[in-house]
Amino acid sequence: VKAGDQVGLFGFDSRVRLYLPPSGGNAGFSRVQRRSADLDYSHEETNFTLALTDLMGRLNRRGLIVLMTDFVDTIAAELMLENVTRLAQKHLVILVTLQDPHLQKTAAQRPARLLDVTQAVVADNFLRERAVVFEKLTRLGVHCLDVVPERIGMDLLNRYVLIKQRELI
């Protein structure tokens with residue numbers, strides 16, 4: 001905020017739920033903080049095509065887009081990948097996802113039963129699929145952060161500072 005950056009907010013799931021155009025200063029940042037409290041978790045499937053097309057139509061200049069989302073399967077990941085690719089052609093994108101500690105533990109633990117083996121294989125496959133998606137996005141210039149919930153703020157701030165230091169935006 002002190003550097004003159006503008007901050008906006010765009011929330012969506014199956015449809016756009018909230019849009020605040022980018023604005024600067026302490027008042028603009030406070031407005032984003034207040035309005036972000038209006039966003040709530042939804043069980044509706046995320047429509048990346050609709051939302052990111054809408055967002056691209058609203059933004060007139062190149063900007064830094066922080067996309068906080070997650071994907072459960074490869075179909076959802078492919079739809080996200082396709083639309084984030086289009087977004088990254090004009091904007092600098094940071095994709096933020098949360099690691100699932102239970103999934104990591106399941107994939108890494110030593111199996112004691114046949115069920116444990118099955119669960120470990122499924123968990124490991126899921127983690128590999130996520131890694132492939134992140135690798136594809138990274139090659140397209142998207143900055144990917146797959147972090148534990150406790151680190152999201154610090155890791156995102158560090159990535160922002162790195163981007164500013166490298167004058168990427």
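Note that the structure is a prediction, hence the values are computed from the model and not measured.
- For Leu92 against Gly141, the heavy-atom pair with the smallest separation is CD1-O, 4.2 Å.
- The shortest side-chain heavy-atom distance between Lys90 and Met56 does not fall under the 4.5 Å cut-off.
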Exercise. Show your reasoning for whether side chain to side chain contact (heavy atoms under 4.5 Å, CB included) applies to Arg15 and Asp54.
Key: CA-CA 10 Å; Arg15 64 183 176 88; Asp54 182 290; over 6 Å; no

Self-check item: CA sep, side-chain torsions, deciding dist, call: Met80, Leu137, side chain to side chain contact (heavy atoms under 4.5 Å, CB included)
Solution: CA-CA 10 Å; Met80 179 191 65; Leu137 287 167; 4.2 Å; yes

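- Of the possible polar contacts, none joining the Thr46 side chain to the Phe48 backbone as a donor-acceptor pair under 3.5 Å is found.
- If you take CG on Leu9 and CZ on Arg34, they are separated by 12.0 Å, rounding to the nearest 0.5 Å.
- In this structure the side chain of Val122 never reaches within 4.5 angstrom of the side chain of Gln119, judged on heavy atoms.
- You'll find the side chain of Asp13 stays beyond 4.5 Å of the side chain of Asn47, heavy atoms only.
- Because its NZ or CZ atom is not both nearer than 6.0 Å to the ring centre of Phe10 and within 45° of the ring axis, Arg58 does not count as a cation-pi partner of that residue.
- Residues Leu81 and Thr85 approach most closely at O-OG1, 2.6 Å, considering heavy atoms.
- Considering every non-hydrogen atom in both Ala51 and Val16, the closest pair reads CA-CG2, 4.5 Å.
- Between His143 and Leu95, every side-chain heavy-atom pair lies at or beyond the 4.5 Å cut-off.
- Leu50 belongs to no hydrophobic cluster with other residues, because no ILVMFWY side-chain heavy atom falls under 4.5 Å from its own, directly or through intermediates.
- No side-chain N or O of Asn125 forms a donor-acceptor pair with one of Arg128 less than 3.5 Å apart.
- Residues Leu162 and Phe134 do not share a hydrophobic cluster, defined by chaining ILVMFWY side chains whose heavy atoms lie under 4.5 Å apart.
- In this structure, Leu103 belongs to a hydrophobic cluster whose other members, linked by side-chain heavy atoms under 4.5 Å apart, are Phe126, Leu127.
- Here the CG atom belonging to Leu114 is positioned 4.5 Å from the OG1 atom belonging to Thr118, to the nearest 0.5 angstrom.
- Side-chain atoms of Asp155 do not come within 3.5 Å of backbone N or O of Ile152 as any donor-acceptor pair.
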Exercise. Show your working on side chain to side chain contact (heavy atoms under 4.5 Å, CB included) between Arg130 and Val133 and close with a plain yes or no.
Key: CA-CA 5 Å; Arg130 283 177 71 87; Val133 171; 5.7 Å; no

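- Look at Arg86 and Glu82 and you find no salt bridge, because none of the NZ, NE, NH1 or NH2 atoms lies under 4.0 Å from a carboxylate O.
- If you chain together hydrophobic residues whose side chains sit under 4.5 Å apart, Leu52 and Leu79 never meet in one group.
- The distance from the CD1 atom of Ile94 to the CG atom of Leu64 is 4.5 Å, given to the nearest 0.5 Å.
- Inter-residue side-chain proximity for Val96 and Leu67 is flagged as unmet; no heavy-atom pair is nearer than 4.5 Å.
- Taking 4.0 Å as the cut-off between side-chain N and carboxylate O, Glu78 and Lys136 count as a salt-bridged pair.
- Judged by distance alone, with hydrogens and angles left aside, the side-chain atoms of Asp124 form no donor-acceptor pair with the main-chain N or O of Ala120 at under 3.5 Å.
- By the neighbour-count criterion of 12 heavy atoms within 6.0 Å, atom CD of Gln33 is densely surrounded, having more than that number from other residues, nucleotides or ligands.
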Practice problem: List the steps and the verdict of side chain to side chain contact (heavy atoms under 4.5 Å, CB included) for Leu18 and Phe12. | Solution: CA-CA 7 Å; Leu18 176 65; Phe12 65 96; over 6 Å; no

Exercise. Under the salt bridge (Lys or Arg N to Asp or Glu O under 4.0 Å) rule, what do Arg151 and Asp146 come out as? Steps first, then yes or no, please.
Key: CA-CA 10 Å; Arg151 297 267 328 153; Asp146 188 37; over 6 Å; no

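- A single hydrophobic cluster is not seen to contain both Val132 and Leu145; linkage of ILVMFWY side chains at heavy-atom distances under 4.5 Å, directly or through other members, places them apart.
- In this structure the side chain of Leu98 never reaches within 4.5 angstrom of the side chain of Val148, judged on heavy atoms.
- Salt-bridge check for Arg17 with Glu44: passed, with a basic side-chain N closer than 4.0 Å to an acidic carboxylate O.
- The distance from atom CG of Asp100 to atom NZ of Lys105, rounded to the nearest 0.5 Å, is 11.5 Å.
- When all heavy atoms are compared, the tightest approach of Gly28 to Ser23 is CA-OG, 3.4 Å.
- Between Thr97 and Val147, the closest side-chain pair of non-hydrogen atoms is not below 4.5 Å.
- Rounded to the nearest 0.5 Å, atoms OG (Ser14) and NE2 (His43) are 13.0 Å apart.
- For the pair His91 (side chain) and Arg62 (backbone), a donor-acceptor distance under 3.5 Å is absent.
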